Amino acid sequence: MSYSLLVMKFGGTNMGDAAAIRHSASLAARSIKEGIKVVVVVSAMAGVTNQLLKIAASAETGDIASANDEIAAMRTRHFTAAQELGAAPDSDTVREIREMHETLRQAVYGVYLLRELTPRSRDLIVAFGERLSAPLMSLALEGMQVHAKHVSGGEAGILTDSHFGNAKPLPQTYERVKDRLTGFLSAGVTPVVAGFMGETEKGATSTLGRGGTDFTATIIGKALSADEVWAWKDVDGVMSADPRVVKDAQNIEILSYGEVMELAYFGAKVLHPLAVTPIKESGIPLRLKNSTDPDFAGTLVQPEPQHIPDRPVKAVTSIKNVSLITVTGAGVLGVPEVIASVFTALARENITLLMVSQSSSMSNVSLAVPGSDAGRTLQALRSGLSSELNVEEQNDVAVLAIVGSGMRGQRGVSAKLFASLASSGVNVLMISQGGSELNISVAIEGGQVDTATLAVHQAFGLGRAAVSG
Ligand code: ADP
Ligand code: ASP
Ligand code: MG
């Protein structure tokens, strides 16, 4: 296929140091030299986002010395990369990196003085990772005779709501991004957009949630009606399981938008859970490709699923650190009333619900929520529910899900899932199957999740050995 416009996203590993950035730039430059217009979207250098979160937390607790030490180390890392990419000490890039660290230091000092870290100030601080890596990518591209210009997410036109930490693009975003980036492209300039962030109508920096650079790339893909969005990864695309857990995991050639969303929602870290939402309507394909093997097709994400005979399940995923919260005593009030008040309380707090299950005879409702939301969930339920109801929490749970559109109408899939869990000694705490039959998820003890993942992966024949043998 011949392309005229591609959006290319490079993640943290692909921006890890000067050599990785140079390699990423060469992948973009290769297409640009073939006459394809490319918008480059970058993540922070590997580890920097976590480092910034740590800096913000240190400042909040009053430990400004260690926050400043970390900022200094970050600055050295960015200076070193800039220098290795050919920037002179008095160059614009080095000056820009120095100024950004100074602004970061001031923002962190503000948090320290107030001893208060709001979601808004955390977003301002954490977005520096991408703002700092973008100039490095421009530098690398310029070194390859590609005329490049880096911009922040806000400058690229991404306008979001005010859900700091998990913001979503507002509808005007798409026209704005188109206006701003088309100008660069028609002037023969390759835009390098700092991923993960946007800005609110008031001009405050917001972030799109962890892994949000994938989301930035698809937002831009939709805005520009790109031919495709390519997310370059350090793996062969979406795999049949987390390759760090299952050595035998293999690449999935084709996935539908729906399948990849389920996978991402149920823990496959390879893609932001909302990344396909902007491109779903227009049907723009998304490819996840391995930067170390650029000619390998990777995973193609497209509107329709591919049906593979005898392979109803395509992947197994898991989310660790989940809490199970059970509301009992519904007999007193009636299950519908309890469910209504539980959901109202959760919606008010904007809590991610992973699973829900209800048992009439026991008059209880169980919820699986991310461990990080458990405290807020308990608080919301205890203050929002009748005092006759009892709310209990079980920690250290995991949710394991099998995903694949071929499960629809297929008998025996759950039987195989439960048989494989039982034979590896895994106890099931809760079960749920979505109406779309795209996934079946089970809650299990946290400590058993890797054993369970391996067993399920094998039972459904998802490994490389199963295919070649
Ligand atoms: P990037 O910074 O490029 O977005 P991430 O680290 O966010 O990269 O995501 C890629 C990582 O996701 C892989 O290195 C792999 O360890 C992990 N991962 C977890 N589950 C899967 C899966 N099902 N398929 C591929 N990778 C997965
Ligand atoms: N740097 C951000 C993160 O680590 C965004 C991204 O990498 O996509 O979550
Ligand atoms: Mg990611």
Side-chain angles (χ1 to χ4, degrees), residues 8-16 20-21 23-24 27 41-54 74 122-123 125-134 153 165-167 193-198 205-219 229-253 255 259-275 286-292 298-299 301 313-320 400-404 439 449-450 453 456-457 462-463:
M8 291 196 186
K9 177 257 170 173
F10 296 95
T13 311
N14 290 322
M15 297 294 293
I21 296 172
H23 177 65
S24 298
L27 295 171
V41 184
V42 295
S43 290
M45 295 177 89
V48 165
T49 304
N50 287 338
Q51 204 175 1
L52 286 162
L53 286 169
K54 204 169 124 202
M74 250 182 70
R122 187 186 288 111
D123 270 7
I125 291 170
V126 83
F128 272 98
E130 274 68 11
R131 286 178 59 192
L132 283 162
S133 66
N166 245 325
V193 181
F196 181 46
M197 77 187 77
T205 300
S206 53
T207 67
L208 306 170
R210 292 308 302 266
T213 304
D214 297 322
F215 200 6
T216 305
T218 53
I219 291 169
V229 176
W230 290 7
W232 291 99
K233 298 276 162 178
D234 58 352
V235 281
D236 273 343
V238 184
M239 313 286 282
S240 53
D242 185 339
R244 291 166 297 185
V245 177
V246 182
K247 297 288 167 265
D248 191 31
Q250 62 164 337
N251 154 269
I252 307 173
E253 223 176 294
L255 284 170
E259 288 174 320
V260 92
M261 261 184 97
E262 293 287 313
L263 280 168
Y265 190 81
F266 284 100
K269 193 195 162 213
V270 68
L271 197 69
H272 185 285
L274 296 181
L286 165 68
R287 276 182 208 276
L288 289 96
K289 287 173 70 74
N290 193 336
S291 60
T292 58
T299 298
V301 183
V313 173
K314 295 195 175 125
V316 49
T317 56
S318 68
I319 311 179
K320 294 177 184 166
L400 176 144
I402 52 173
V403 176
N439 91 75
V449 65
D450 289 350
T453 303
V456 171
H457 192 261
L462 301 183

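Side-chain atoms are counted along with the backbone in the values below, which use heavy atoms only and exclude waters and symmetry mates. Order of listing sets the numbers, starting from 1, for every ligand and every atom in it. Bear in mind the structure is a predicted one, so any value in this text is a computation, not a measurement.
The protein atom (non-hydrogen) at minimum distance from atom 6 (C) of ligand 2 is T213 OG1, 3.4 Å. In this structure, atom 9 (O) of ligand 2 lies nearest to the protein heavy atom R210 NE, 2.7 Å.
Within the 4.0 Å heavy-atom shell around ligand 2 one finds G211. Not a single heavy atom of H272 sits less than 4.0 Å from an atom of ligand 2. Heavy atoms of G11 come nearer than 4.0 angstrom to ligand 2 in no pair at all.
For ligand 2, the atoms sitting less than 4.0 Å from at least one non-hydrogen atom of S43 are 6 (C), 7 (O), 8 (O), numbered in the order shown with element in parentheses. Close contacts of ligand 2 with E130, meaning ligand atoms under 4.0 Å from a residue heavy atom, involve 1 (N), 2 (C), 5 (C).
L286 is listed as a side-chain neighbour of L271, based on a closest heavy-atom distance under 4.5 Å. Within the 4.5 Å cutoff, side-chain heavy atoms of K9 are placed close to those of D214. In this structure, the side chains of F196 and T49 come closer than 4.5 Å at one or more pairs of heavy atoms. Considering only heavy atoms from C-beta on, K314 comes within 4.5 Å of L255 through its side chain.
For D123 (side chain) and G165 (main-chain N/O), a donor-acceptor pair under 3.5 Å exists by modelled atom type. T317 places no side-chain N or O within donor-acceptor distance of the main-chain N or O of A268, the cut-off being under 3.5 Å.
Side-chain polar atoms of H457 and S240 form a donor-acceptor pair below 3.5 angstrom.
Contact between N439 and F266 at its shortest, heavy atoms only, is ND2-CE1, 3.7 Å.
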Write none if no such pair exists; otherwise list each N/O atom of ligand 1 with its protein N/O partner under 3.5 Å and the distance.
unit_1	atom_1	unit_2	atom_2	d
ligand 1	2 (O)	G12	N	3.1
ligand 1	4 (O)	K9	NZ	2.8
ligand 1	4 (O)	K233	NZ	2.7
ligand 1	6 (O)	K269	NZ	2.9
ligand 1	14 (O)	D234	OD1	2.9
ligand 1	14 (O)	D234	OD2	3.4
ligand 1	16 (O)	R244	NE	3.0
ligand 1	23 (N)	M239	O	3.1
ligand 1	24 (N)	M239	N	2.9

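Rounding to the nearest 0.5 Å places CG of N290 at 7.0 Å from CG of D234.
Here's the thing with K9: none of its N/O atoms is less than 3.5 angstrom from an N/O atom of ligand 2.
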For salt bridge (Lys or Arg N to Asp or Glu O under 4.0 Å), just list the numbers for K320 and D242, CA-CA rounded to whole Å, side-chain angles, deciding distance to a tenth of an Å, and then say yes or no.
CA-CA 12 Å; K320 294 177 184 166; D242 185 339; over 6 Å; no
